[in-house]
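Working notes, structure below.
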Amino acid sequence: MPGRIEDYALIGDLHTAALISRTGSLDWGCYPRFDSAAAFAAILGDETHGSWQLGPLGDGGTPAPATRRRYVGDSLVLESTWVTMDGTLRITDFMPPSKHEAHTPHVVRVVEAVSGRVTVRSRLRPRFDYGLVHPRVVAVGDRHEFVAGPDALWLDTPVPTGVRDGVLCSETTLSEGDMVTFTLTYRDSHKAPPVVIDAETALARTLSYWEEWAGQCTYRGAYREAVIRSLITLKALTYAPTGGIVAAPTTSLPEDIGGSRNWDYRFCWLRDAAITLSSLLRTGYQDEARDWAAWLLRAVAGDPSTLQIMYGITGKRRLPESELPHLPGHMRSLPVRVGNEAAHQLQLDVYGEVTEALDRARQAGLGVDETAADLQIALVEWLEQHWHEPDEGIWEVRGPRRQFVHSKVMAWVAVDRTVKLIESGAANGPLERWRILRDTIHRDVCEEGYDPERNTFTQSYGSRELDAALLLIPQMGFLPPDDERVIGTITAIQRELSTPHGFVLRYPTAGKEAGLDGVPGDEGAFLACSFWLADDLALIGRVDEARQLFDKLLALRNDVGLLAEEWDSHLEQQVGNFPQAFSHVAMCDTAIVLDRAMAARPSHENALRLDPAGIDL
């Protein structure tokens, strides 16, 4: 059976990715791209839905969990070690990276006996189309092909193998110093067999690629190990041909174990663009930031009224959502979904996120041209007519639309950044009218979205609920960190949306009944929001408290430094799609904020200040 979400480690090749469990089972993999149908979907069911178990057997003949795991240096090469009664075994898993459109995906697994004599068993059972299609297994010389419809996977190994009930099986005993390799290659079924690659050469090149890439990082602060691992994870979630970054490489890993909060995250969210650009730029990755900005401009090109909140990795707009009833779900969490119908929601905050991303790209000299300025003007022209409308908001609620405060704040951001763009002379627009519009939105939020009795902004106009997205108010420059309303909002969120461990929920849920988001069930603490709280605490001068929270968040990472979307404080485990880009971007940003806060303390203990673009001074 599949393990807990944090039991998995990620490998990837900049086109797609795979998740490998502590027992050495490859339980998730989509080929040839992130958004392709999975050939390994055991994480959403069991081994019969597609898995590749490789490793020694434990007591009772069941797969044994690795004694320890690590990534080799600053790379995405996974090393798992089993210390058994008979000896020590090491398996090195990786996918050779490539930027080329015509890339051929390989999963390479190198098995070595470090000491003693250890028997290792392989059980390879790909199941195409999310576990639905059982391929035919064909021996082609000393190779084996799994083929069905348009898909084919080829296994190359010197280990004798045989087919048993549609599973390709092998078992071999290795003595100290022995090494064998298994290489699985995806190929369109109508094409010629793939070339056999040399595993040792591929490993050396993969290690060199990641070490060289990580070496470009300019961050030298106190949290370098965590930042480097998060940046490598973000790079691994990048579709190299277009520069798009998926929110996660998985679908339907539950936010509520056993519940229905299961969504497909193998797409690119616009709201991720601004914070991702910020993290990449502040850590020295200009090329990746430039590629992400270029993807953004291509994706949103067209009529502003058709702006979506997310797109496919190539900029594709149609992301129809459907359910896969043949899959029982991770830990019986149903339904399993592919596609995401939230793509067509009205979420006014994305207009602010897009303009924020363009503003940061422009400041960094990423080659954002007049076309981008024209787009920004067009976005605000549309927003001028629609900012006052209710929407589904940042959390993509599936209940009734509301006047979400965060959406209005981000509408203000869009107008504010565009006013500044016009003032700089880089664009033409109705400057005075939009200055008035900016003031109008600001006043509207402060009057309608603020509860003076509790001294806090609220989730939506007229409501009493809170929303962790309100933590972005000072970070976006809407109000300064030392404003009493900001401090009151931070205090209220800590009081009403925090778990006993101090982590932050996005908003109140209604348990078994469908709440304001239209979905029944609860969810875990949202990790990005918890990092936002640490940012705000540092900004208002509570630096020690911010560091304590940050350290507790770092402790939630799994053994190889990865985070999902949320943390279930009751079950004490990670929940949601994994690994989650949003969580890792927020981690990088908080590390930078805390480093600057600590550096500022000797001269003054007051709050750090942000300029209106949200960039630390």
Side-chain angles (χ1 to χ4, degrees), residues 12-17 33-35 76 97-101 213-214 216-219 227-228 230-249 265-302 307-317 343 349-369 371-373 375-376 379 410 413-414 417 528 579-589 592 613-615:
D13 62 2
L14 310 184
H15 288 251
T16 188
R33 308 190 323 187
F34 290 108
D35 56 356
L76 204 66
S98 174
K99 295 182 179 180
H100 301 298
E101 184 82 45
W213 188 86
Q216 300 173 40
C217 180
T218 57
Y219 176 79
V227 169
I228 287 286
S230 291
L231 290 170
I232 290 172
T233 303
L234 287 174
K235 181 65 172 177
L237 300 182
T238 302
Y239 182 63
T242 65
I245 301 174
V246 296
Y265 273 21
R266 296 171 298 158
F267 309 113
C268 305
W269 267 254
L270 293 187
R271 68 172 47 87
D272 296 2
I275 61 170
T276 303
L277 276 169
S278 173
S279 290
L280 292 171
L281 289 170
R282 289 193 282 178
T283 51
Y285 290 99
Q286 292 275 334
D287 289 343
E288 283 73 16
R290 185 176 292 106
D291 291 344
W292 190 206
W295 175 90
L296 174 66
L297 285 171
R298 291 193 303 271
V300 304
L307 184 73
Q308 296 185 184
I309 60 125
M310 73 179 84
Y311 297 84
I313 54 178
T314 62
K316 180 180 178 181
R317 290 171 175 257
D349 64 294
V350 299
Y351 290 83
E353 272 110 22
V354 170
T355 56
E356 175 76 351
L358 295 177
D359 184 66
R360 295 192 179 202
R362 192 177 292 110
Q363 289 185 39
L366 295 186
V368 176
D369 57 16
T371 302
L375 171 64
Q376 190 168 333
L379 292 175
M410 294 309 297
V413 169
R417 306 305 188 258
Q580 173 68 233
F582 212 179
S583 299
H584 285 280
V585 172
M587 179 197 296
C588 292
D589 284 348
I592 294 169
I615 299 174

With side chain to side chain contact (heavy atoms under 4.5 Å, CB included) as the test, would you mind laying out the steps for Leu297 and Leu358 before giving the verdict?
-> CA-CA 9 Å; Leu297 285 171; Leu358 295 177; 3.6 Å; yes

Is there a side chain to side chain contact (heavy atoms under 4.5 Å, CB included) between Lys235 and Leu76 once you walk through the steps?
-> CA-CA 10 Å; Lys235 181 65 172 177; Leu76 204 66; over 6 Å; no

Is there a side-chain contact between [X] and [Y] in this structure, where contact means two heavy atoms from C-beta onward sitting under 4.5 Å apart?
X: Ile275; Y: Phe582; answer: yes
X: Arg417; Y: Gln376; answer: yes
X: Leu231; Y: Glu288; answer: no
X: Val585; Y: Asp272; answer: no
X: Val227; Y: Ile592; answer: no
X: Leu307; Y: Leu270; answer: yes
X: Trp269; Y: Ile309; answer: yes
X: Ser98; Y: Asp13; answer: no

Inter-residue atom distance Leu280.CG - Arg290.CZ, 0.5 Å rounding =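 The CG atom of Leu280 sits 11.5 Å away from the CZ atom of Arg290.
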
Tyr219 side, atom OH; Ile228 side, atom CD1 - distance, nearest 0.5 Å =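 Nearest 0.5 Å value for the OH-CD1 distance: 10.0 Å.
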
Taking all non-hydrogen atoms of both residues into account, name the closest pair between [X] and [Y] and its distance.
X: Ala240; Y: Lys99; result: CB-CA, 3.7 Å
X: Arg360; Y: Leu281; result: O-CD1, 4.0 Å
X: Cys268; Y: Gly312; result: SG-O, 4.1 Å
X: Tyr285; Y: Ala214; result: OH-O, 3.4 Å

Aromatic contact, His15 with Tyr239 (centres under 6.0 Å) =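 For His15 and Tyr239, the ring centres are under 6.0 Å apart.
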
Once the angle between the rings of Trp295 and Tyr311 is folded into 0 to 90°, is it parallel (under 30°), tilted (30 to 60°) or perpendicular (over 60°)?
->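 Because their plane-to-plane angle is over 60°, the rings of Trp295 and Tyr311 count as perpendicular.
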
Ile313 vs Arg33, side chain to side chain contact (heavy atoms under 4.5 Å, CB included): CA-CA, chis, key distance, verdict | CA-CA 9 Å; Ile313 54 178; Arg33 308 190 323 187; 3.8 Å; yes

Would you check, one step at a time, whether the test side chain to side chain contact (heavy atoms under 4.5 Å, CB included) holds for Leu366 with Leu277?
-> CA-CA 11 Å; Leu366 295 186; Leu277 276 169; 4.2 Å; yes

